[in-house]
Engineer: 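Here it is, the structure in full.
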Protein chains: 2
Amino acid sequence: MARPSLTRDEVLDTAANLVRQHGPEALTMRKLAAELGTAVTSIYWHVGNRESLLDALVQRTVADLGEFRPVGRTPAERVVSLARILRRRLRAHPHLIAMAHERGLTERMFLPAREALVREVHAAGLRGARAAEAVRAVQFQVVGFVLVERNRERAPVQQPAQETTAYDDPALARAFARPVNEERLFVTSVRALTRSLLEND
Amino acid sequence: MARPSLTRDEVLDTAANLVRQHGPEALTMRKLAAELGTAVTSIYWHVGNRESLLDALVQRTVADLGEFRPVGRTPAERVVSLARILRRRLRAHPHLIAMAHERGLTERMFLPAREALVREVHAAGLRGARAAEAVRAVQFQVVGFVLVERNRERAPVQQPAQETTAYDDPALARAFARPVNEERLFVTSVRALTRSLLEND
DNA sequence: ACCTGAACACCGTTCAAGT
DNA sequence: ACCTGAACACCGTTCAAGT
């Protein structure tokens with residue numbers, strides 16, 4: 001006993017815990033079964049297979065990202081604030097990003113913020129296809145940035161990358177030698193992109 | 001016989017072929033050994049293990065990306081052209097992007113283009129830390145975009161994503177319903193980012 | 001220096017059988 | 001409707017033994 005009846009939610013919860021603590025590669029059907037105190041095969045009845053289990057995990061997490069309340073006085077400022085919120089929320093689930101990416105669910109990750117972004121782009125005076133393109137540009141930018149950034153974190157040695165070229169610009173060489181300030185680079189990038197996109201020329 | 005002596009390069013070549021034809025997940029040590037006509041364990045002598053084999057594959061491919069010759073009259077135009085070249089080269093190796101990413105080698109992918117980018121940013125009048133930041137912003141943008149884009153291609157059903165919200169902008173709703181024109185979105189994004197970054201204000 | 005087969009410790013998944 | 005154990009078809013890797 002001690003196991004009244006296995007539910008799909010229980011499977012998902014336990015799986016989510018395993019992922020949170022040891023990463024997605026540690027989530028094997030057999031370990032999960034052990035954790036749940038059931039036979040491996042029981043899991044299959046509830047979630048189909050490993051792939052759809054991970055899919056479900058990603059979807060649940062993305063759905064839980066919460067609401068997006070922008071701050072700032074101009075639409076551009078508010079877009080930047082939305083980007084920062086989305087980045088922070090995604091980074092709060094360290095494994096989500098890679099998991100969603102590996103499962104082809106990257107796009108899902110920026111859907112929660114889309115509505116809020118549309119509102120700001122509208123406020124800036126863009127409509128129709130032009131507005132949609134601006135929203136998509138920001139979405140690709142934010143999610144792409146977070147993907148690259150997360151990747152750098154778990155990157156290996158981070159070799160100096162044969163910094164042979166001198167560039168005739170010592171300050172630039174020093175800047176490249178320093179580690180990247182990601183928050184700063186992110187804000188600079190999003191601000192630069194947004195400024196151009198929201199210009200009504 | 002028929003196998004005079006196994007070399008590291010031969011292992012890498014055959015592995016690269018397997019990946020090109022069937023994707024990285026099809027590259028198992030056992031299949032590779034069968035393809036090579038050797039014992040599985042021989043491979044280990046030459047390349048260490050599966051992980052470093054894939055690392056070597058990524059590095060070799062990235063090193064083969066070739067030179068970057070920008071076109072255009074203004075630095076901004078030339079930066080955009082560099083971004084397009086890099087994107088095209090990366091997309092020419094469909095599995096490279098995901099492989100590099102999964103291995104924490106994402107950063108490697110944009111090193112070949114860095115030197116050329118620095119030149120243009122210098123030509124635009126930026127120096128030092130400011131120039132380095134502009135280069136990095138473009139690099140993150142390009143690689144992030146390609147990551148997101150590649151991911152969308154192998155994405156599942158591409159569910160309409162509960163397009164419940166009406167937005168009060170039918171043209172925008174239609175734009176979101178249409179598939180993304182990625183080349184166009186890419187150029188728009190890079191151009192927008194570059195324009196702001198290269199402004200000397 | 002290079003190659004081998006056997007063995008270990010894992011996987012995900014299927015399926016017939018149980019209650 | 002739900003759970004089980006046994007079995008299948010894979011993996012990557014190690015290691016002692018060969019030449």
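Throughout, protein chains are lettered first and strands after them, A, B, ... in sequence-line order, and every chain is numbered starting at 1.
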Engineer: Surrounding CZ of Arg50(A) (heavy atoms of other residues, nucleotides or ligands, distance under 6.0 Å), is the total greater than 12?
Structural biologist: yes
Engineer: Between P on dC8(D) and CE on Met29(A), what's the gap in Å once rounded to a whole number?
Structural biologist: 21 Å
Engineer: For the pair made of CG in Leu36(B) and C1' in dC2(C), what is the distance, rounded to whole Å?
Structural biologist: 15 Å
Engineer: Can you figure out which of dC3(D), dC2(C), dG12(C) approaches the side chain of Thr28(A) most closely?
Structural biologist: dG12(C)
Engineer: Rounded to whole Å, how long is the line connecting atom CG of Leu32(A) with atom P of dC3(D)?
Structural biologist: 13 Å
Engineer: Would you please confirm or rule out a distance under 4.0 Å between OP1 or OP2 of dT13(D) and any side-chain N or O of Asn49(B)?
Structural biologist: yes
Engineer: Tell me the interatomic distance from His46(B), atom NE2, to dT4(C), atom P, rounded to whole angstroms.
Structural biologist: 9 Å
Engineer: With both distances kept under 3.5 Å, what pairs with dA1(D), Watson-Crick or G-U wobble?
Structural biologist: dT19(C)
Engineer: Where the side chain of Leu6(A) is defined as all heavy atoms beyond and including C-beta, which of dT4(D), dC3(D), dT13(C) is the nearest nucleotide?
Structural biologist: dC3(D)
Engineer: Regarding His101(B) and Thr106(B), is there a side-chain donor-to-acceptor distance under 3.5 Å anywhere?
Structural biologist: yes
Engineer: Verify whether one side chain among Thr61(A) and Asp64(A) offers a donor that lies under 3.5 Å from an acceptor in the other.
Structural biologist: no
Engineer: Specify the separation, in whole Å, of atom CD of Glu25(B) and atom C1' of dC11(C).
Structural biologist: 16 Å
Engineer: Can Asp13(A) and Arg8(A) be counted as an ion pair, charged N to O under 4.0 angstrom?
Structural biologist: no
Engineer: Do Glu77(B) and Arg195(B) meet the salt-bridge criterion of a basic N to acidic O distance under 4.0 Å?
Structural biologist: no
Engineer: Which nucleotide, in any strand shown, forms a Watson-Crick or G-U wobble pair with dG12(C), with both distances under 3.5 Å?
Structural biologist: dC8(D)
Engineer: Taking atom C1' of dC3(C) as reference, at what distance in whole Å does atom CH2 of Trp45(B) sit?
Structural biologist: 10 Å
Engineer: Counting side-chain heavy atoms from CB outward, which of dC3(C), dT4(D), dT13(D) is closest to Ser42(B)?
Structural biologist: dC3(C)
Engineer: Where the side chain of Tyr44(B) is concerned, which of dT4(D), dC3(D), dT14(D) is the nearest nucleotide?
Structural biologist: dT14(D)
Engineer: Please tell me if Lys31(A) has a side-chain N or O lying less than 4.0 Å from either OP1 or OP2 of dC10(C).
Structural biologist: no
Engineer: In whole angstrom, give the distance that lies between atom CZ of Arg30(B) and atom P of dA7(C).
Structural biologist: 13 Å
Engineer: Without decimals, in angstroms, what is the distance between Arg50(B) CZ and dC11(C) P?
Structural biologist: 16 Å
Engineer: Between dA9(D) and dA9(C), how far apart are the P atoms? Round to whole Å, please.
Structural biologist: 22 Å
